[in-house]
Amino acid sequence: AQKVTQAQTEISVVEKEDVTLDCVYETRDTTYYLFWYKQPPSGELVFLIRRNSFDEQNEISGRYSWNFQKSTSSFNFTITASQVVDSAVYFCALSRDNAGNMLTFGGGTRLMVKP
Amino acid sequence: GAVVSQHPSWVICKSGTSVKIECRSLDFQATTMFWYRQFPKQSLMLMATSNEGSKATYEQGVEKDKFLINHASLTLSTLTVTSAHPEDSSFYICSARGGRAGKSYEQYFGPGTRLTVT
């Protein structure tokens, strides 16, 4: 069975602070894919990143960066110099294929960035 | 990126009535569509997977006779909540996967439909 745990249910930061959202996963598959999605108040899920289990390189995209560590089954997401527009619920998810079929979502972390 | 729409975006209905939610892929053909349910402040739970032209596959615990899914074309899937009850009130999200060149395996999410049953 697959499981994704996001231990932080809510995080509140002040604008310009850095913030890391934790994600820990469980799977018996040797090949799997990890995703992060953003869900702003409007409700629509926004795809942020997909990472396969064989690629442990960290990735940076603007103010966003991801740290994938297979040894600890973690795929953490860091926002540098947070902005109010970053306020949203962020979901980490796990799938057996790169299309995200049968996605298993974590519980989500609600990030509130205050001005 | 690809666009998936849902209609309606929100609906209020009385207990006992049925509600149909549409999910459309606007600029690509969706061979597979997924339906999720999200309760307030909770995560998304997969309800069912539907492939065009075949019956939907429901997740354990989801009543197929209550949540009717039809995927009659490559651009449209519908979810009908039959005999809705207040406990069916939720945010329903669809996603679609399908055949754009180079992106046949991408999954795109719709904006969601908020259902309130009174």
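All chains are named by letter (A, B, ...) in the order of the sequence lines, taking the proteins before the strands, and each is independently numbered beginning at 1.
Residues A:C23 and A:V4 meet the side-chain proximity criterion, which asks for heavy atoms closer than 4.5 Å.
Between chain B and the residues A:G43, A:G108, A:S42, the most heavy-atom pairs under 4.5 angstrom are made by A:G43.
Not counting sequence neighbours, A:R110 has no partner by the salt bridge (Lys or Arg N to Asp or Glu O under 4.0 Å) test.
At a 4.5 Å heavy-atom cutoff, the contact between A:Q39 and chain B is made by side-chain atoms alone. Interface residue B:E59: only side-chain heavy atoms are found under 4.5 Å from chain A. Looking at B:L44, both its backbone and its side chain come within 4.5 Å of chain A, counting heavy atoms on both sides.
The aromatic rings of A:Y25 and A:F68 lie tilted to each other, with the angle between the two planes from 30° to 60°.
Checked against the 6.0 Å centroid threshold, B:Y58 and B:F67 do not count as a close aromatic pair.
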